[in-house]
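Residue numbers start from 1 in every chain, and the chains themselves are labelled A, B, ... in the order their sequence lines are given, proteins ahead of strands. Everything numeric here is computed off the predicted structure, so don't read it as measured data.
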Amino acid sequence: MTSRTAAAWEAGPNLPATHRVSGLVYSDQTIFEEEKQHLFGKTWQLACHESEIPEVFDFRTFEVAGQPLVVSRGANGTIRTFVNACSHRGAKIVNDPSGNAKRFTCFYHHWSYDTEGACIDIPREDGYAPTGLKKEDCGLREVRTESKLGLVFVNLDDDAESLESYFGDALKPFEPVMGTGELEVFHFNRSILESNWKSWIETNLDIYHEVMHVTLRKTQVSAGAMKDRNFDLHKNGHAGIGGVKAKYGGYKGWGERDVASTLPGLDPNDLRVFEIFPNSTIIARGTVIRIDTIMPISPGRAVLECRGLGLKGDSDADRMMRIEHHNAYWGPFGRNVPEDAFAAEMCGVSFRTGAAKHQNIARDEDGHGQDDGILRNFYEEWSRRMGRPASNPVNRSEAS
Amino acid sequence: MSLKWNAVAQTVYQTCLRLDQEDFDGYLELFAPEFHYWITAYSPEIRKEMIWLSHDRDGLAALLENVPDHVRRLGSLHRHATVYTVEPGENGTVRVTSSIQVTHTDPDGSSRLFAVGHYHDVLVDTADGPRLTERNAKLETRELGIGSHLPI
Ligand code: FES
Ligand SMILES: [Fe+2]
């Protein structure tokens, strides 16, 4: 008999703890709340790209694990972030997704804040004189904000290590690509996925799923040698994939991409991936970059934010070329993103319902080909920060 | 304007019907050889007009031919269009604006809204009837769940 009994299904594969993940990490409400606290509340989170707030006083609103934030460029160009909630009665202050404002005035009782977060106006302030409440005590809650390679990150933890130390030298391979010419976001899209946020991340880290995408079967799997692919695993859960090649002409209707206007440091047929632990991924394909960020809404629901980037000052023809190369795979009508999102949702069904109890991350190709080492690196860091092993996050002997 | 409202509307509606039925050859017959197709949307986040799909007729034909090889969510899309305006364009063409609603119906039979927006079309008269030379499916809806391999 090769199928399994309920007990065997529950017990899971006979693998080292590092090589399997319990289904509970995708479905348990307590684990979900702890992820918000220990992962999203303590790691550097992507706010936006600097090109989204190019001018003085430009702002963008966004969320980290459901918490509304506003990032803005101050008078001297300094980028700061605040919790988007009024000191007075708590109302959300800034509701536009983007704009330009010298001051943020709350719609409710017109308290105003400058771009340094100071409360600069309280209408009829003398009404507070008897209680001693002063503007000076009513500033916004500032959130730590630091930038790297044009990416603006925030950290809700005032005591977190610096962004520089968070990355170490992990982003080195992306320095020529993202640090030579100025980049610019030309595509932005948010979509809701009926899956745990990690099932999306897995579509980025699990290169073995090339087999699902007809585009990758035809353009990527045999374009370069499996042994030339390299996985660089870094501290803090970050990881890079390099050495992957594509021959775009293999998919009907696509031409080869032997164009001159590649991004700096890239060959037109290069594919590079970088996972920013825990929830953002940079993917560079020769001519264009995608950055995606997945934010949890509930254990079985997440919101995906995708950006497409080209070079600032692109000619119209180059920009159109980058947009077309971007859209070939990515965006809501790309050939790959709807497949990855479908895969995440199908894992979502199994873990939400408890049909699946485990998954295995056991491929070992010595750091090449379609190795799962990058997934193991992710779950090792997840386990460390959560103080629970991903293989058995709720001590089962205790629970039973 | 030699093109009549009824004939124009019929061509627009046929694009919906044939694409709903995934009759890709029949769908492509409704386009003139110089046809161009776009899906666009405006992002208030980055304050930019975005192009999400852009193909000439051959590019669109290749895209459709590949669709059956992709992993897709089961069920079907249903495109509902209403022609709002038909105005004279350049060189005997007409500019047609239609409001559109697209719903997805899953295999269990439950339907939910996928997207709303407008078709901004240009049609030219031919011996076979009005044919599209341009379609810009401009979406209001930007949150599209897992997205779609099909044009709108
Ligand atoms: S809640 Fe903002 S001014 Fe009162
Ligand atoms: Fe994928």
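Ranked by heavy-atom pairs under 4.5 Å with chain B, the first of A:Gly331, A:Ala328, A:Pro97, A:Gly334 is A:Pro97. Comparing A:Asn189, A:Ile53, A:Asp96 by heavy-atom pairs within less than 4.5 Å of chain B, the highest count is held by A:Asn189.
Closest heavy-atom contact between B:Glu143 and A:Ile192: OE2-N, 2.9 Å. Of all heavy-atom pairs between A:Gly253 and B:Ala62, the closest is CA-CB, 3.7 Å. Here the shortest heavy-atom pairing between A:Met212 and B:Val71 reads O-CG2, 3.6 Å. Annotation for A:Leu193 and B:Ile146: closest pair CD2-CG2, 4.2 Å, computed over non-hydrogen atoms. In terms of heavy-atom proximity, A:Arg335 sits nearest to B:Val67 at NH1-CG2, 4.1 Å. A:Glu324 and B:Ser54 make their closest contact through OE2-OG, 3.7 Å (heavy atoms, listed as atom of the first residue, atom of the second, distance).
Remark: B:Arg142 CZ to A:Arg190 CZ distance equals 9.5 Å, nearest 0.5 Å. The CG atom of A:Asp58 sits 4.5 Å away from the CZ atom of B:Arg47 when rounded to the nearest 0.5 Å. Between the CD1 atom of B:Ile51 and the NE2 atom of A:His187 there is a distance of 12.0 Å, given to the nearest 0.5 Å. Put simply, CD1 on B:Ile46 and SG on A:Cys48 are 11.5 Å apart, with the number rounded to the nearest 0.5 Å. B:Met50 contributes atom CE, which lies 10.0 Å from atom NE2 of A:His326 (distance to the nearest 0.5 angstrom).
If you measure heavy-atom distances from A:Tyr251 to chain B, the contacts under 4.5 Å come from the side chain alone. The contact between B:Ser43 and chain A is made entirely by side chain atoms (from C-beta outward), counting heavy-atom distances below 4.5 Å. Only the side chain of A:Met320 comes within contact range of chain B, with heavy atoms under 4.5 Å apart. In this structure, the portion of B:Leu139 lying under 4.5 Å from any heavy atom of chain A is its side chain and not its backbone. Interface remark: A:Glu305 contributes no atoms to any contact with chain B (heavy atom separation under 4.5 Å). Heavy atoms closer than 4.5 Å to chain A are found in the side chain of B:Ile39, but not in its backbone. For chain B, the nearby parts of A:Glu52 are the backbone and the side chain; heavy atoms of each come within less than 4.5 Å. For a residue to count as touching a neighbouring chain, one of its non-hydrogen atoms must lie under 4.5 Å from one of that chain's; by this rule A:Arg307 does not touch chain B.
Just one of B:His70, B:Arg72, B:Arg73, B:His149 meets the side-chain contact (heavy atoms from CB on, under 4.5 Å) condition when paired with A:Pro338; it is B:His149.
For A:Tyr208, the OH atom is loosely surrounded, since the number of other residues' heavy atoms within 6.0 Å does not exceed 12.
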Quiz item: How far apart are the C-alpha atoms of B:Asn66 and A:Lys218, what are their side-chain angles, what is the distance that settles it, and do they pass the side chain to side chain contact (heavy atoms under 4.5 Å, CB included) test?
Solution: CA-CA 12 Å; B:Asn66 288 322; A:Lys218 299 214 165 155; 5.6 Å; no

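Classification of the B:Trp52-A:Phe333 ring pair by plane angle, with boundaries at 30° and 60°, yields tilted.
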